[in-house]
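In what follows, every heavy atom counts, from backbone to side chain, and hydrogens, waters and symmetry copies are set aside.
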2 protein chains.
Amino acid sequence: MTTANPARRRGRGHDPESVLAIAVGVFNERGYDGTSMAELARALGVTKSAIYYHVPGKEQLLARALDRALDGLFAMVADPRAASGAAIDRLEWVLRQSVRILVERLPYVTLLLRVRGNSVTEQAALERRREFDRFVSHLVKEAAAEGSIRADVDPALVTRLLFGAVNSITEWYQPSRGASADDLAETLLTIIFDGLRSPRG
Amino acid sequence: MTTANPARRRGRGHDPESVLAIAVGVFNERGYDGTSMAELARALGVTKSAIYYHVPGKEQLLARALDRALDGLFAMVADPRAASGAAIDRLEWVLRQSVRILVERLPYVTLLLRVRGNSVTEQAALERRREFDRFVSHLVKEAAAEGSIRADVDPALVTRLLFGAVNSITEWYQPSRGASADDLAETLLTIIFDGLRSPRG
DNA sequence: CCTACCGATCGGTAGG
DNA sequence: CCTACCGATCGGTAGG
């Protein structure tokens, strides 16, 4: 009844959350396949064996991390604001939320975007990710159908490039310095919807 | 004096080019760290040890592949067309050429974009890549300074998002079907410079 | 290019 | 019986 984790009381040990957070940090630095359990142990300040007290194995660590990212994205899909109103407005909302989730769950989404399907865990994550992609792709097509988006570009290609720009955030965004998530989303939407060319150009 | 590679005469064996091409294909499928020399051997139809007849090691295979990508990008930087005229026109030319090189050297650039600096080879490639990034970043700033690009967005952020959209091509482009490199560049430039919003919207 | 291997390290598990 | 690990080692595989 005092503390959930007695070890933490003494300033030692790890809870499931800290193990996951540190592991994902190392995975993103070295790559999942490039990270050994020994490296993970070093980063956690415990022995390699002690990791297995906290988590069934390396792959489950990956699975939990990928769920963090995917659950965030699917919470957005389930939101009523993604389902009512003009398609262009829903698309804008989804893009804004995507940037927010990317920034909020940066290490988890970063890991997700690097998954290539090397295991059952990775394949399952890829399938969930593709499902989210299809959702956004459908939104772009609806926006094109209602005439909100220019007709001279292929909606499927537009979706790809949109994701490219949004997902690239994981490649360079540093929470400590630079733009906030809102500033980031604002600039992104301005460029995407209104273009880069100077209005007086 | 008959054939450069005697093994090839009998319809067997590999030349340095085929070894590199097949290896890069496997690296892109499974990830460099996720690929063992045994897997590579299987893909090449030879034993693991036989690979060392063709190439000094796994890392040199990576180094050669990364050079393919980087040499293409730097040939562009050295071109006079990247150095004269209005910044906006030079930027457009560089973006168009970037798409062309990405498509022409797709597997090599794909590999380059996934490098995280896990070895000296990877760190050297990352540094060359950053040099190219700085070149484009400078172009964007020049275009902003001459007033060709809207003043209400940060040029550094614009550069990041530009690269995000362009580089995402490696994530989904299939040479066999879909748009040509020229169509791709055209759509990309339309969206980036003129925006997604319908001109009548 | 293959057979026969090496030093070391891999992810994961034993008893205490 | 529990939590939170440790030192040592398992069967296999890594790059060479």
*Do Leu66(B) and Arg128(B) have side-chain heavy atoms sitting under 4.5 Å apart?*
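Side-chain contact under 4.5 Å: no.
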Interatomic distance, [X] [atom1] vs [N] [atom2] [rounded to whole Å]:
| X | N | atom1 | atom2 | value |
| --- | --- | --- | --- | --- |
| Glu59(B) | dG15(D) | CD | P | 12 Å |
| Leu61(A) | dG11(C) | CG | C1' | 12 Å |
| Leu40(A) | dC5(D) | CG | P | 15 Å |
| Met37(B) | dT9(C) | CE | P | 18 Å |
| Leu62(B) | dG15(D) | CG | P | 13 Å |
| Asp33(A) | dT9(C) | CG | C1' | 15 Å |
| Glu39(B) | dG15(D) | CD | C1' | 13 Å |
| Lys48(B) | dC5(C) | NZ | P | 14 Å |

Is any side-chain N or O of [X] closer than 4.0 Å to OP1 or OP2 of [N]?
| X | N | value |
| --- | --- | --- |
| Thr47(A) | dC6(D) | yes |
| His14(A) | dA4(D) | no |
| Tyr52(A) | dG12(C) | yes |

*Should Arg150(B) and Ile191(A) be marked as a side chain to side chain contact (heavy atoms under 4.5 Å, CB included) after you check the CA-CA gap, both sets of side-chain angles, and the distance that decides it?*
CA-CA 9 Å; Arg150(B) 53 192 315 142; Ile191(A) 296 174; 5.6 Å; no
Measuring from the side chain of [X] (C-beta onward, heavy atoms only), which nucleotide among [options] has the closest atom?
| X | options | answer |
| --- | --- | --- |
| Ser49(A) | dA4(C), dT13(C), dC1(C) | dT13(C) |
| Lys58(B) | dC10(C), dG16(D), dC6(D) | dG16(D) |
| Val46(A) | dG11(C), dG15(D), dC6(D) | dC6(D) |

*Starting at the 5' end of DNA chain D and moving along, which residue's nearest nucleotide shows up first, His54(A) or Pro56(B)?*
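Upstream on the strand: His54(A).
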*For Ala50(A) and for Tyr53(A), locate the closest nucleotide of DNA chain D by heavy-atom distance; then report the residue assigned to the nucleotide nearer the 5' terminus.*
Tyr53(A)
*asked:* Using the P atom as the point on both nucleotides, what is the distance between dA4(D) and dG16(C), in whole Å?
replied: 22 Å
_Span that lies between the C1' atom of dG15(D) and that of dC5(C), in whole angstrom_ = 13 Å
*Reckon Ser36(A) touches a base, only the sugar-phosphate, or nothing at all at heavy-atom distances under 4.0 Å?*
sugar-phosphate
_Hydrogens and angles aside, do Ser148(A) and Glu146(A) bring a side-chain donor and acceptor to less than 3.5 Å of each other?_
yes
*Check the pair Tyr52(B), Met37(B) against side chain to side chain contact (heavy atoms under 4.5 Å, CB included), reporting the backbone distance first and the verdict last.*
CA-CA 10 Å; Tyr52(B) 294 91; Met37(B) 292 301 268; 3.1 Å; yes
*asked:* Tell me whether Lys58(A) contacts the main-chain N or O of Ser36(A) through its side chain, where contact means a donor paired with an acceptor under 3.5 Å.
replied: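 Judged by distance alone, no pair lies under 3.5 Å.
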